[in-house]
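The sequence lines fix the lettering, A, B, ..., with proteins before strands; numbering per chain opens at 1.
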Amino acid sequence: MARTEEAAAWFSAVYRAVQQVPVGKVTTYGHIALLLDHPERARQVGVCLKHLPSAPDPDDRYSQLFNGGNVPWQRIINSKGAISPRGPGGAQRQADVLTEEGVEVEYDGMEYRIKLGTFGWFPKALPSEDEAGSGDHC
DNA sequence: AGCATGACCATTT
DNA sequence: GAAATGGCCATGC
């Protein structure tokens, strides 16, 4: 796990944020980072999920707080709207779980992509660019 | 102790 | 618009 207190706090914060993602929806690493007010640490979000214990371990107290059972790691995808490739079979398992939850995932031959419009993920939410007011196209 | 790697992303060539 | 660039920082060697 984390070596420093601060890192530990970061891990916990990430897990808590991920827990907010509702069933049937997905969001991005970047969005999680954004929610935590650290838009530059999208990568660390991935690190956290990588180290998320898949199941609670009697000897590891922390794993009883956060684990694959209560943290929907599978609902986090990359900004391209695809499941980030990782070790063999990993992405596929994630795609599998998502499908179970009702999220439409399709394999285009190279990667598992989330079918947009079927669930409502927010790629770069945080817009509020004030663009709305104008109303005209760029 | 460094150095390399990685479930990433936005920006700049 | 694809490819490189810089930043992030926990882990592993």
Roughly, in whole Å, what's the span from [atom1] in [X] to [atom2] in [N]?
X	N	atom1	atom2	answer
A/Tyr29	C/dG7	OH	P	23 Å
A/Asp37	C/dC8	CG	P	15 Å
A/Asn78	B/dC8	CG	P	7 Å
A/Phe11	B/dA7	CZ	P	14 Å
A/Tyr15	C/dA10	OH	P	13 Å
A/Leu49	C/dT11	CG	P	13 Å
A/Ile32	B/dC9	CD1	P	11 Å
A/Leu52	B/dA7	CG	P	15 Å

Taking all non-hydrogen atoms of both residues, which atom of A/Pro39 and which atom of A/Leu34 are closest, and how far apart? CB-CD1, 3.6 Å

Which heavy atom in A/Ala17 sits nearest to a heavy atom in A/Leu36, and how many Å separate them? CB-CD2, 4.2 Å

Does a nitrogen or oxygen in the side chain of A/Ser79 sit under 4.0 Å from OP1 or OP2 of B/dC9? yes

Is there a side-chain polar atom (N or O) of A/Arg41 under 4.0 Å from OP1 or OP2 of C/dC9? yes

Closest to the [X] side chain, choosing from [options]:
X	options	answer
A/Ala42	B/dA7, C/dC8, B/dC9	B/dC9
A/Arg43	C/dC8, B/dA7, C/dA10	C/dC8
A/His51	B/dC8, B/dG6, C/dG12	C/dG12

Categorize A/Pro85 for me: base, sugar-phosphate, or nothing, with a 4.0 angstrom heavy-atom threshold over every strand shown. sugar-phosphate

Using a 4.0 Å heavy-atom cut-off, does A/Trp73 contact any base of the nucleic acid, only the sugar-phosphate backbone, or nothing at all? base

What distance, rounded to whole Å, do you find between the two C1' atoms, one in B/dA7 and one in C/dA4? 22 Å

Should we count CZ of A/Arg86 as having more than 12 external heavy atoms under 6.0 Å? yes

With distance as the sole criterion, is a donor-acceptor pair present between the side chains of A/Asp57 and A/Ser63 under 3.5 Å? no

Sort out for me which residue in A/Glu101, A/Gln94, A/Gln20, A/Lys25 forms a side-chain contact (heavy atoms from CB on, under 4.5 Å) with A/Arg75. A/Glu101

